[in-house]
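Below is one structure, written out as structure tokens, with a few remarks after it.
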Amino acid sequence: MRMVLGIESSCDETAAALVTLEDSGERRILAQAIASQDDHHAPYGGVVPEIAARAHAERLAPLIDQVLRQAEVELADCSAIAATAGPGLIGGVMVGLVTAKALAMASHRPLLAINHLEGHALSPRLADPDLGFPYALLLVSGGHCQLLRVEGVGRYRRFATTIDDALGEAFDKTAKILGLGFPGGPAVERLAESGDPRAVPLPRPLVGSGEPHFSFAGLKSAVLRAHDSGRHEVADIAASFQQAAVDCILDRTALALERMGEVTALVVAGGVAANRRVRASLEGLAASRRVRFVAPPPQLCTDNAAMIAWAGLERLAEGAEGDPLDTAARPRWPLDPEAEPVRGAGVKA
Ligand code: KG4
Ligand code: ZN
């Protein structure tokens, strides 16, 4: 049996978790703790990097203590210490990575420097032991919107990315325009329930295009115009935005499935995968293509440390021995370094 301590601090959640993998393949989250910083950032309508880094520095050590006590284990019982080493807000990433290095040194355990996106990409396998490679993955978070073929641990082929905003960013900006506060995604989803998704005509950027990528900047501007016109109920704008966003990801995912070749499942992960309309629509697409649909439970979709510990366990199972203690934190770290750059300025590949 292997046990890994996972640490996550790349954005605005400080998190620690202990996850085990039995020789039988059974996987278990022994303990996990998350401290959200929503109250810290809410007054600014978005994550303030310096405030985030300070909050991580204050909260991380007590959270690690808490999960060790909760699981009644010692650091020395761990097979490795895994921490997000990027991509993300660099101050926060450094807090988590330096903490993991110190713990690794003190406990004589290997350090595993984890790509946060790999944490999201492999998280569905923590919840579903039957999910095998290769699978089609729609990774939708606050900073990323990508379609990938997950071929194995550390082996990712990117089929599409966004040429401007990420999907979570579009939800957050829509929430800001509609005055729903921060964080935006869950607030938009909640309000959309009481709105009419056909009430406000909004564009579906790139739908029908042979170019495989995503674009949400035009949709966001249209939301702003619809709001400023004063002609629509806020709930109708939220519902119509969510529907337009869902139409975009369905069209883009269908195209990727056509081009990706054989896959075992269609999988969605990342913060926006917590959205019920997004999940249900993708489930419908998967059913129509006769492919299995997998989505981790919502609390594993948004940022958490269990997925980081799990990515560490996956790497150990592949024979990884650990990363050097001078591994640097990386603000950018693409899952598929071979992927071609796409047009557009603010590309978050
Ligand atoms: O994966 P995540 O927790 O952090 C990043 O790595 O970015 O994703 C956060 C993003 C935010 O943009 C948030 O608004 C969005 O996921 N999100 C949602 C929902 N829950 C979180 N978007 C739509 N509906 C939700 N229920
Ligand atoms: Zn994330």
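Just so we're clear, the structure is a prediction, and the values are computed from it rather than from any experiment.
When side chains are defined from C-beta on, F293 counts as touching V268, because their heavy atoms get closer than 4.5 Å. By the 4.5 Å heavy-atom criterion applied to side chains, V223 and I237 are counted as neighbours. For the pair L75/I81, a side-chain contact is recorded, criterion being any heavy-atom separation below 4.5 Å from C-beta on.
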Verdict with reasoning, V93 to R330, per side chain to side chain contact (heavy atoms under 4.5 Å, CB included)
CA-CA 8 Å; V93 174; R330 298 175 63 170; over 6 Å; no
Please lay out, stage by stage, how L21 and W310 fare under the test side chain to side chain contact (heavy atoms under 4.5 Å, CB included).
CA-CA 9 Å; L21 175 59; W310 173 250; 4.1 Å; yes
Walk me through it: do D336 and Q146 pass the test side chain to side chain donor-acceptor pair (under 3.5 Å)?
CA-CA 11 Å; D336 178 2; Q146 305 190 346; over 6 Å; no
Is there a side chain to side chain donor-acceptor pair (under 3.5 Å) between E8 and S10? Walk through the geometry before answering.
CA-CA 6 Å; E8 161 59 33; S10 65; 2.7 Å; yes
Under the criterion side chain to side chain donor-acceptor pair (under 3.5 Å), I'd like the reasoning laid out for D12 against H40: C-alpha separation, chi angles, the key distance, then a yes or no.
CA-CA 9 Å; D12 59 344; H40 289 64; over 6 Å; no
Run the side chain to side chain contact (heavy atoms under 4.5 Å, CB included) check on L282 and L138 step by step: do they pass?
CA-CA 10 Å; L282 289 166; L138 173 66; 3.7 Å; yes
Walk me through whether Y156 and L117 qualify under side chain to side chain contact (heavy atoms under 4.5 Å, CB included).
CA-CA 11 Å; Y156 307 93; L117 299 173; over 6 Å; no
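Atom CG of L335 sits about 8.0 Å away from atom NE2 of H144, to the nearest 0.5 Å. To the nearest 0.5 Å, atoms SG (C301) and NE2 (H120) are separated by 9.0 Å. Interatomic distance, CG of L202 versus OG of S240, reported as 5.5 Å (0.5 Å rounding). Between the SG atom of C145 and the CG atom of L139 there is a distance of 8.0 Å, given to the nearest 0.5 Å. Separation of atoms SG (C11) and NE2 (H116) is listed at 7.5 Å; rounding is to 0.5 Å. A distance of 10.5 Å separates OG1 in T327 from CD1 in I114, rounded to the nearest 0.5 Å.
Counting only distance, with no hydrogens or angles, the side chain of S79 and the backbone of V4 share no donor-acceptor pair below 3.5 Å. In terms of modelled atom types and a separation under 3.5 Å, the side chain of R252 and the main chain of H213 share a donor-acceptor contact. The main-chain N or O of G86 is never found under 3.5 Å from a side-chain atom of T84 such that the two would form a donor-acceptor pair. Using modelled atom types, one side-chain atom of R109 and one backbone atom of A76 make a donor-acceptor pair closer than 3.5 Å. In this structure, T253 contributes its side chain and I249 its backbone to a donor-acceptor pair below 3.5 Å. Without hydrogens or angle criteria, S281 side chain to V246 main chain gives no donor-acceptor distance under 3.5 Å. In this structure, the side chain of N304 engages the main chain of M307 through a donor-acceptor pair within 3.5 Å. Remark: the backbone N or O of M260 is paired with a side-chain donor or acceptor of R149 at under 3.5 angstrom. Using a distance-only test at 3.5 Å, with no hydrogens or angles considered, a donor-acceptor pair links the side chain of D172 to the main chain of G184. The closest donor-acceptor contact from the side chain of E13 to the backbone of I34 lies at 3.5 Å or more, if one exists at all.
Residues R54 and E58 are not paired through a salt bridge, judged by the lack of any N-O separation under 4.0 Å between the basic side chain and the carboxylate. With respect to the salt-bridge test (charged N to carboxylate O, under 4.0 angstrom), the residues R125 and D130 do not qualify. In summary, R277 and E189 do not engage in a salt bridge, as defined by a charged side-chain N under 4.0 Å from a carboxylate O. One finds a salt bridge joining R315 and D323 here, because a Lys/Arg side-chain nitrogen approaches an Asp/Glu carboxylate oxygen to under 4.0 Å. A salt bridge does not link R279 to E283: none of the charged nitrogens lies less than 4.0 Å from a carboxylate oxygen. Ion pair D165/K220 flagged as a salt bridge, since at least one NZ, NE, NH1 or NH2 atom sits closer than 4.0 Å to an Asp/Glu carboxylate oxygen.
Applying the side-chain contact (heavy atoms from CB on, under 4.5 Å) test between S215 and each of V207, L206, V342 identifies L206 as the sole match.
The local environment of CD in E340 is sparse, with at most 12 non-hydrogen atoms from other residues, nucleotides or ligands closer than 6.0 Å. The local environment of CZ in R292 is crowded, with over 12 non-hydrogen atoms from other residues, nucleotides or ligands closer than 6.0 Å. Atom CD of Q70 has more than 12 neighbouring heavy atoms from other residues, nucleotides or ligands inside a 6.0 Å radius. The number of heavy atoms from other shown groups lying within 6.0 Å of CZ (R259) is above 12.
Annotation for P124 and L131: closest pair CB-CD2, 3.6 Å, computed over non-hydrogen atoms. In terms of heavy atoms, A127 sits closest to L300 at CB-CD1, 4.1 Å. Of all heavy-atom pairs spanning P298 and A274, the tightest one is CB-CB, 4.1 Å. When all heavy atoms of A306 and I29 are compared, the closest pair comes out as CB-CD1, 3.8 Å. The two residues L219 and P203 have their closest heavy-atom pair at CD1-O, 3.5 Å.
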Return a table of donor-acceptor pairs under 3.5 angstrom between the side chains of residues 190-199 and protein atoms on other chains or two or more places apart.
unit_1, atom_1, unit_2, atom_2, d
E193, OE2, R276, NH2, 2.8
S194, OG, L191, O, 3.0
D196, OD1, R198, N, 2.8

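Judged as a ring pair (Phe, Tyr, Trp, His ring centres under 6.0 Å), the pairs with a partner in residues 221-241 (not counting sequence neighbours) are, in order, F171-F241.
F214 and F216 have parallel rings, their planes meeting at less than 30° on a 0 to 90° scale where 60° marks the start of perpendicular.
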